[in-house]
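The chain is numbered in sequence order, starting from 1. Below, all heavy atoms of this structure are taken into account, side chains as well, without hydrogens, waters or symmetry copies.
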Amino acid sequence: MTSHANLSPATAPDVDTLPRRTDPDLRPHAARAGERQADRLRQALEDDIATGVFPIGTRLDEVKLAQRFGVSRTPIREALIELAAAGLVEQKPRRGAFVREIGISRLIEMFEVMADLEAMCGRLAARRITPDEVLLLEQSHAACKAAHDAGDPDGYYRANQIFHETIYKASHNGFLAEQALALHGRLAPYRRLQLRARNRVSTSLKEHDEIVAAILAGDAEAAGERMRQHILIQGERFNDFVANLSTQRPGGTGAASGPRVD
């Protein structure tokens with residue numbers, strides 16, 4: 001994906017100024033088996049939201065997005081509806097679609113639930129992980145380390161997603177994995193924002209070391225607790241998160257602008 005590291009998170013971008021997406025699999029004739037064009041557009045937009053291309057509060061104009069992706073408005077509209085159902089986008093009457101803004105109190109509640117879902121996944125994975133899944137876990141952990149060493153936060157974010165999804169699957173509880181994946185997706189922009197805190201990527205990687213060690217040792221309680229603490233926002237991490245969140249909101253200039261509280 002094209003890097004947008006120089007895009008200010010405090011400024012809602014003009015879609016016209018963004019690079020045209022020319023991903024081959026977004027074109028109508030390149031549909032993969034069993035997958036709609038709207039699904040691929042949703043995934044592309046979800047990635048753009050999660051990595052800050054479209055910051056919190058940004059208006060997502062159907063016409064400009066269609067031009068950017070080189071498609072008609074219909075699959076764009078369908079993709080936005082799906083993102084709204086997932087909680088990433090808010091549809092406002094007569095105003096259009098916007099990247100959803102969630103209040104601080106609600107975010108903390110969501111992260112608390114996410115922490116317990118991931119803890120359950122970690123506990124079950126420590127008991128049920130297969131040899132093939134061990135290999136996938138080690139590969140995703142190595143990819144996180146490579147992105148960290150390369151100073152690539154977007155690469156780390158993507159590798160981190162695979163790391164967590166591998167643990168969800170290794171729980172061998174389909175319903176739990178579905179719920180964890182759904183909430184993980186809804187929190188994607190905010191989980192990405194967490195990684196902007198100073199030294200957070202390094203700390204995250206160290207926590208991954210402990211999670212992998214506990215799972216491979218078959219220590220269910222340790223794996224669950226490591227996963228829970230990995231997700232919870234508390235203490236100094238909470239302060240850093242709020243400071244970064246305030247700059248992500250339209251017109252935000254730093255911690256002084258303050259987050260919306262629900």
Side-chain angles (χ1 to χ4, degrees), residues 1-13 17-23 43-58 68 88 99 107 111 114-115 118 122 135-168 184-216 226-227 229-249 252-255 259:
M1 191 181 95
T2 304
S3 174
H4 301 281
N6 294 326
L7 180 66
S8 170
T11 304
T17 67
L18 294 175
R20 183 181 175 86
R21 287 286 294 259
T22 56
D23 312 49
Q43 292 168 9
L45 287 168
E46 185 176 290
D47 186 54
D48 283 347
I49 291 170
T51 55
V53 175
F54 297 123
I56 298 162
T58 299
R68 182 179 184 229
L88 283 176
V99 178
L107 268 178
F111 271 107
M114 187 80 252
E118 297 226 4
L135 179 60
L136 291 174
L137 183 63
E138 291 175 335
Q139 288 175 341
S140 63
H141 184 40
C144 287
K145 186 177 187 305
H148 165 270
D149 293 346
D152 179 6
D154 285 346
Y156 185 88
Y157 173 79
R158 289 190 291 272
N160 181 62
Q161 280 187 301
I162 296 172
F163 177 84
H164 284 267
E165 289 172 12
T166 299
I167 295 173
Y168 302 164
H184 183 112
R186 189 169 180 185
L187 286 170
Y190 301 93
R191 293 182 73 141
R192 175 68 182 86
L193 193 60
Q194 281 184 289
L195 295 177
R196 292 185 180 179
R198 184 177 176 84
N199 296 325
R200 178 54 196 157
V201 171
S202 295
T203 302
S204 173
L205 186 63
K206 291 177 183 177
E207 292 167 356
H208 283 191
D209 286 337
E210 297 174 350
I211 291 167
V212 171
I215 290 176
L216 296 188
R226 297 290 184 274
M227 287 287 283
Q229 293 299 324
H230 181 57
I231 301 302
L232 279 179
I233 306 175
Q234 53 192 350
E236 292 182 356
R237 281 178 58 186
F238 175 78
N239 295 335
D240 292 341
F241 177 73
V242 171
N244 282 324
L245 180 61
S246 66
T247 67
Q248 182 73 299
R249 303 192 189 279
T253 57

Would you compute the distance between atom [atom1] of [X] and atom [atom2] of [Y] and round it to the nearest 0.5 angstrom?
X: R158; Y: C144; atom1: CZ; atom2: SG; result: 11.5 Å
X: M114; Y: L107; atom1: CE; atom2: CG; result: 13.5 Å
X: E165; Y: L136; atom1: CD; atom2: CG; result: 12.0 Å
X: I211; Y: R226; atom1: CD1; atom2: CZ; result: 9.0 Å
X: D152; Y: Y157; atom1: CG; atom2: OH; result: 13.5 Å
X: T166; Y: H141; atom1: OG1; atom2: NE2; result: 12.5 Å

Please report the closest heavy-atom contact between [X] and [Y], naming both atoms and the distance.
X: M227; Y: G122; value: CG-CA, 4.0 Å
X: F54; Y: V99; value: O-CG2, 3.8 Å
X: L137; Y: F163; value: CD1-CE1, 3.6 Å
X: R186; Y: L88; value: O-CD2, 3.4 Å
X: A147; Y: G155; value: CB-C, 3.6 Å

Side-chain donor or acceptor of S204 paired with backbone N/O of R200 under 3.5 Å
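A pair under 3.5 Å: no.
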Please lay out, stage by stage, how H164 and H230 fare under the test ring pair (Phe, Tyr, Trp, His ring centres under 6.0 Å).
CA-CA 11 Å; H164 284 267; H230 181 57; 5.2 Å; yes
Working for side chain to side chain contact (heavy atoms under 4.5 Å, CB included), residues D209 and K145:
CA-CA 10 Å; D209 286 337; K145 186 177 187 305; over 6 Å; no
Which of V212, I215, I162 passes side chain to side chain contact (heavy atoms under 4.5 Å, CB included) with I167? Answer is I215
